[in-house]
Peer 1: 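Dumping the structure here so I can ask a few things about it.
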Amino acid sequence: MFRTLRSRLILSHILPLLVVVPLIGIALIYLLEEAVLLPNLTAELKQQAALIVDLAETQPNLWTDAAAAQAFVERTGTRVTARVMLLDRTGNLRASSDAADANRVGQLLDHPDLKRVLSGETVTRQDYSRRLQADVADVLLPVMKSDEQLSGVVRLSYRLTSVYEQFTALRWLVVGVLIVGLLLGAGVGWILALNLQRPIEQLTHAVDHLAGDQSSAPLPEPQPEEFALLVRAFNSLAERLHSLEDARHQLLANMVHELGRPLGALQSGVEALRGGADEDPALRHELLIGVDAEIHRLRRLLDDLSRHYDQALGPLELNRRPIELNEWLTLVLAPWRESAERKNLQWMMTRSNEPIVIEVDPDRLAQAVGNLISNAIKYTPAGGTVSIEIESEPAAALIHMTDTGPGISPEDQAHIFEPFYRGHTARRFPQGMGLGLTIARDLVVAHGGRLEVTSTVGQGSRFTIWLPRTFSPQPSPA
Ligand code: ADP
């Protein structure tokens, strides 16, 4: 019972009507009956009775001549809608405009207020008349002689049946209004429920889809605002799940590729040595250098992965100590300089004019710089240039690393710091897990600095590490 949103909404729309409309109807009918119609009717009857009394006062023979009295009530009875009676001063009926009263003429009127009217009071009352078998509005007015003596009484009785018939019509009108109101309320509740139900169903469907590992397009934001917020939250959750799923796929693909290639090279090297290459010292030396290089590559790969994993676990702990940036960087970059020159790249290094002493974790910063320089060397074709420039600012130290490689398109620039993302040009190059820049940025940010890129496709790229001279910890990026 009322388990669905629809039934509850319909109920909430018709319940107030069910209570309010009958209450208003009862109050309205009561007010009309007691405060307006009946008092008006009585007042009108009194007016008519007063006119008849005025007339009767001018005809004293009414109280002596029965025929004159009967003629009088019949004449006046045709003018008013009520029954007209004349009573003598002892309360006996003298004449009535209703022919059914003929047998009561001469008898004492059976009326609870007879005494009061005979003592000269005006009486009005509403009561059930057994004789007329209806509710009746009664007005009794004394007729006085000029010497203030009572000559008789005029009585006007009006059946209230026709008034009550009007109330019955009013009651039906209230019932009609109630039915129309209920239908309208139910209709509005139904439409509202449909409007609310649709986005809920869509959302449930989309959540089922997502739980079933199927991708779902972003849902349109419905009204009202609360639903829009819910759908917005769902869309961003779905987007996050998709990008995590993409990253997982990308990681697997990259790992298979990155582990497979050096393993293949190692296997070929070992097979060549087994097949007799170890007997030729020059060939053995060359093969061992190759094997060593592949083992180094695998080590770097593992380092990158474990760094990424560490970063996912929480903020980095830095072992800071002061270094002089120019000296330190020249030392750190020495092996990279060699590998750049082996690839036939021009190497340029510009130190800052003054020494820069900053407190950093040298191992972590070396990893960040190494990742950037290894990219510069990797992506710059032979004959190109890799240049490093150290710049000093009052509040910061800057390390610019510029290459004349293929450059990075603006679309790629928006994503290259995301884990496992590889740019379009980079896909032509055999190596890369798409983790180097993510790790470099995280390490720089852990130092309170930032990593920025500017690049033009076809001309080259420039990565800048910005490090504050005084350290203030910053939250690591998600
Ligand atoms: P990867 O292992 O692919 O080099 P990175 O995280 O180091 O991963 O770099 C992400 C992407 O950024 C690369 O795939 C490449 O498209 C782009 N990129 C990084 N450095 C350079 C560079 N010096 N020149 C051109 N593209 C670069």
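Both counts, for ligands and for their atoms, begin at 1 and track the order of listing. Basis for what follows: all heavy atoms, side chains included, without hydrogens, waters or symmetry-related copies. Residues: numbered from 1 along the sequence shown.
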Peer 1: Begin with the C-alpha distance, continue with both residues' side-chain angles, and end with the deciding distance and a verdict on side-chain hydrogen bond (donor to acceptor under 3.5 Å, both in side chains) for S157 and R83.
Peer 2: CA-CA 5 Å; S157 314; R83 177 185 65 177; 3.2 Å; yes
Peer 1: With nothing but distance in play, are any N or O atoms of G423 less than 3.5 Å from an N or O of ligand 1?
Peer 2: yes
Peer 1: Please report the interatomic distance CE(M401) to CZ(F463), rounded to the nearest 0.5 Å.
Peer 2: 9.0 Å
Peer 1: When you compare the side chain of R351 with that of I356, does any pair of heavy atoms fall below 4.5 Å?
Peer 2: no
Peer 1: Within the structure, does K378 bring an N/O atom to less than 3.5 angstrom of an N/O atom in ligand 1?
Peer 2: yes
Peer 1: Taking E245 first and then R248, would you say they form a salt bridge - that is, a charged N and a carboxylate O separated by under 4.0 Å?
Peer 2: yes
Peer 1: Going by heavy atoms, is D403 under 4.0 Å from ligand 1?
Peer 2: yes
Peer 1: Please say whether F463 places an N or O atom under 3.5 Å from an N or O atom belonging to ligand 1.
Peer 2: no
Peer 1: Answer with side chain, backbone, both or neither: which part of I408 has a heavy atom less than 4.0 angstrom from an atom of ligand 1?
Peer 2: side chain
Peer 1: Write down the atom of P381, the atom of L345, and the distance for their closest heavy-atom approach.
Peer 2: O-CD2, 3.2 Å
Peer 1: Just heavy atoms, cut-off under 4.0 Å: does T380 contact ligand 1 by side chain, backbone, both, or neither?
Peer 2: neither
Peer 1: If you look at every heavy atom in I373 and V386, which pair is closest and at what distance?
Peer 2: CD1-CG1, 4.4 Å
Peer 1: Can you tell me which portion of F417 lies within the under-4.0 Å heavy-atom range of ligand 1? Options are side chain, backbone, both, or neither.
Peer 2: neither
Peer 1: Taking the non-hydrogen atoms of M401, is any one of them nearer than 4.0 angstrom to ligand 1?
Peer 2: no
Peer 1: Report yes or no: does a heavy atom of G405 sit under 4.0 Å from some atom of ligand 1?
Peer 2: no
